[in-house]
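Note sheet for the following structure.
All figures in this text were calculated on a predicted structure; none of them were measured in a lab.
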Amino acid sequence: MTGAAVPAGLAGLPGDLWPRVASAPNRVLMLDYDGTLAAFQVRPEAARATDGVIRLVEGIVSEGGTTVAIVSGRTLASLIGLVGSLPVTLVAEHGWEMRRPDGRVEQHPIPEKCAAALKSAAAAADREGWGEHVERKRGSVVLHTRALPTERADHLVGAGRRAWEAVAGSGGLRLDAIDGGLELRAPGRNKGAAVRDILAGSPPGSLAVYLGDDVTDEDAFREVEAHGFGIRVGNGGRASRASGRLPSVGAVELFLERWLMTVRGALKD
């Protein structure tokens with residue numbers, strides 16, 4: 001299968017990816033959720049992966065030879081509501097929470113200073129009247145602007161930055177522009193740390209591949225470089241540490257299909 005013609009949607013991948021997938025003694029496939037497994041939606045709960053994507057992930061897990069993890073900024077409850085039946089590792093809130101395939105849940109404690117600063121930031125958002133656009137999590141507060149007209153979104157991000165910069169400084173928080181908003185979060189955990197945790201529990205020499213679309217995935221791309229490939233999803237022009245690209249969420253389904261075929265061929269040889 002590794003010699004099959006490459007679909008156009010997979011043309012941006014490194015040329016040695018599929019041979020390495022085929023020959024690896026063990027593989028670790030890490031997948032962002034929003035913008036990668038599922039297209040963005042105005043209502044986060046409506047962002048569901050297609051049945052085809054779900055079946056392919058299930059097939060990759062059942063085939064063996066690949067450890068699969070979904071690494072997201074979403075809360076663990078949100079991820080479980082969307083893909084809870086998948087027998088994969090779920091990493092939530094950029095690594096602050098993790099659910100193992102056997103159901104075990106691990107949580108990293110939020111430093112008290114950071115927790116207090118996040119509470120203060122959420123209160124400031126309420127005072128500004130941003131409530132419907134604000135999502136509160138254990139380790140972050142997110143200002144969502146994806147559903148807004150461009151001018152209104154830019155204005156809200158600017159106002160959010162002005163309101164939260166002081167809180168970020170005093171509370172030791174990280175303030176980042178994200179695709180579709182602004183995120184204020186506790187430092188110390190990110191998707192790169194999540195990649196390290198997953199690889200620490202994987203067999204030595206595992207090939208690691210991470211797919212993601214957002215600026216928050218850059219930490220994971222950086223961490224995975226020494227172990228395999230980072231693949232950026234989307235046609236946006238910003239610079240990335242990823243070593244390959246997929247043009248769209250639709251191409252991710254093609255990628256998963258090719259992965260499953262490649263692993264099946266490798267395990268039969």
According to the salt bridge (Lys or Arg N to Asp or Glu O under 4.0 Å) rule, which pairs have a member within residues 126-139, sequence neighbours left out?
-> E97-R138, D126-R136
To the nearest 0.5 angstrom, please state how far the CE atom of M261 sits from the CG atom of L256.
-> 11.0 Å
Distance-only, no hydrogens or angles: does the D176 side chain make a donor-acceptor pair with backbone N or O of I178 under 3.5 Å?
-> no
Nearest heavy-atom neighbours spanning L207 and A24 = CB-CB, 3.8 Å
With no hydrogens and no angle check, is any side-chain donor or acceptor of D214 less than 3.5 Å from a backbone partner on D179?
-> yes
Are V61 and V91 joined in one hydrophobic group, where the rule is that I, L, V, M, F, W and Y side chains link up if heavy atoms are under 4.5 Å apart?
-> no
Among R174, K191, R189, find the one that has a side-chain contact (heavy atoms from CB on, under 4.5 Å) with H94.
-> K191
Is the shortest heavy-atom distance from the side chain of I54 to the side chain of V83 under 4.5 Å?
-> yes
Would you say the side-chain atoms of T75 and E93 include a donor-acceptor pair closer than 3.5 Å?
-> no
At what distance, to the nearest 0.5 angstrom, does CZ of R185 lie from CD1 of I110?
-> 11.0 Å
Does some side-chain heavy atom of P187 sit less than 4.5 Å from a side-chain heavy atom of P111?
-> no
Same apolar cluster: V28 and L56, side chain cutoff 4.5 Å | no
Pair L90-I80, side-chain contact (heavy atoms from CB on, under 4.5 Å): steps then yes or no = CA-CA 8 Å; L90 298 180; I80 290 173; 3.9 Å; yes
What distance separates R264 CZ from I60 CD1, expressed to the nearest 0.5 Å?
-> 9.5 Å
Sub-4.5 Å side-chain heavy-atom contact between L29 and L211 = yes
Would you tabulate the side-chain donor-acceptor contacts of residues 243-251 under 3.5 Å, counting partners in other chains and residues two or more places apart, or write 'none'?
from : atom 1 : to   : atom 2 : distance (Å)
S243 : OG     : G230 : O      : 3.3
R245 : NH1    : G236 : O      : 3.3
R245 : NH2    : R238 : O      : 3.2
S248 : OG     : G250 : N      : 3.4
S248 : OG     : A251 : N      : 3.2

Would you list the pairs meeting side-chain hydrogen bond (donor to acceptor under 3.5 Å, both in side chains) in which at least one residue belongs to residues 153-171, sequence neighbours left out?
-> none
In Å and rounded to the nearest 0.5 Å, what is the CG to OG1 distance from L260 to T66?
-> 8.5 Å
Give a yes or no answer on whether the side chain of T145 reaches the backbone of L148 with a donor-acceptor pair at less than 3.5 Å.
-> no
After noting the C-alpha distance and the side-chain angles of R104 and D102, does the key distance pass the salt bridge (charged side-chain N to carboxylate O under 4.0 Å, His left out) rule?
-> CA-CA 6 Å; R104 289 181 296 121; D102 62 5; 2.9 Å; yes
Please assess V233 against D32 for the test side-chain contact (heavy atoms from CB on, under 4.5 Å), listing each intermediate value before the final yes or no.
-> CA-CA 10 Å; V233 179; D32 175 43; over 6 Å; no
Which value, rounded to the nearest 0.5 Å, describes the distance between D217 atom CG and S240 atom OG?
-> 8.5 Å
Please report the C-alpha distance between H144 and V142 in whole Å, then the side-chain angles of each, then the deciding distance to 0.1 Å, and finally whether the side-chain contact (heavy atoms from CB on, under 4.5 Å) criterion is met.
-> CA-CA 6 Å; H144 292 288; V142 186; 3.5 Å; yes
Which atom names give the shortest non-hydrogen contact between A47 and A39, and what distance separates them?
-> CB-O, 3.6 Å
Is there a side-chain contact between T89 and P101 (heavy atoms, below 4.5 Å)?
-> yes
Can you check side-chain contact (heavy atoms from CB on, under 4.5 Å) on L86 and V68, steps first, answer last?
-> CA-CA 10 Å; L86 285 176; V68 179; over 6 Å; no
Quick one: do L79 and M98 end up in the same hydrophobic cluster if we chain Ile, Leu, Val, Met, Phe, Trp and Tyr together by side-chain heavy atoms under 4.5 Å apart?
-> no
Closest approach of G205 and P25, non-hydrogen atoms and distance?
-> O-CG, 4.1 Å
Are W259 and V252 co-members of a hydrophobic cluster defined by side-chain heavy atoms under 4.5 Å apart?
-> yes
Which residue pairs pass the ring-ring contact (aromatic ring centres under 6.0 Å, His included) test with at least one member in residues 109-132, sequence neighbours excluded?
-> none
Shortest non-hydrogen contact between I198 and A69, atoms and distance = CD1-CB, 3.7 Å
Check A208 against M30 and note the closest heavy-atom contact, atom names and distance.
-> CB-CE, 3.9 Å
Any salt bridge (Lys or Arg N to Asp or Glu O under 4.0 Å) involving residues 65-90? Give me the pairs, sequence neighbours left out, ordered by first then second residue.
-> D34-R74
Hey, quick one: are V71 and L76 part of the same hydrophobic cluster, counting side-chain heavy atoms closer than 4.5 Å, chains of contacts allowed?
-> no
Smallest heavy-atom separation, S206 atom then N26 atom, equals OG-ND2, 3.2 Å
ring-ring contact (aromatic ring centres under 6.0 Å, His included) pairs touching residues 198-246, sequence neighbours excluded, are Y210-F221
Would you call the rings of W96 and H108 parallel, tilted or perpendicular, where under 30° means parallel and over 60° means perpendicular?
-> perpendicular
If you round to the nearest 0.5 Å, how far is OG1 of T67 from CG of L199?
-> 9.5 Å
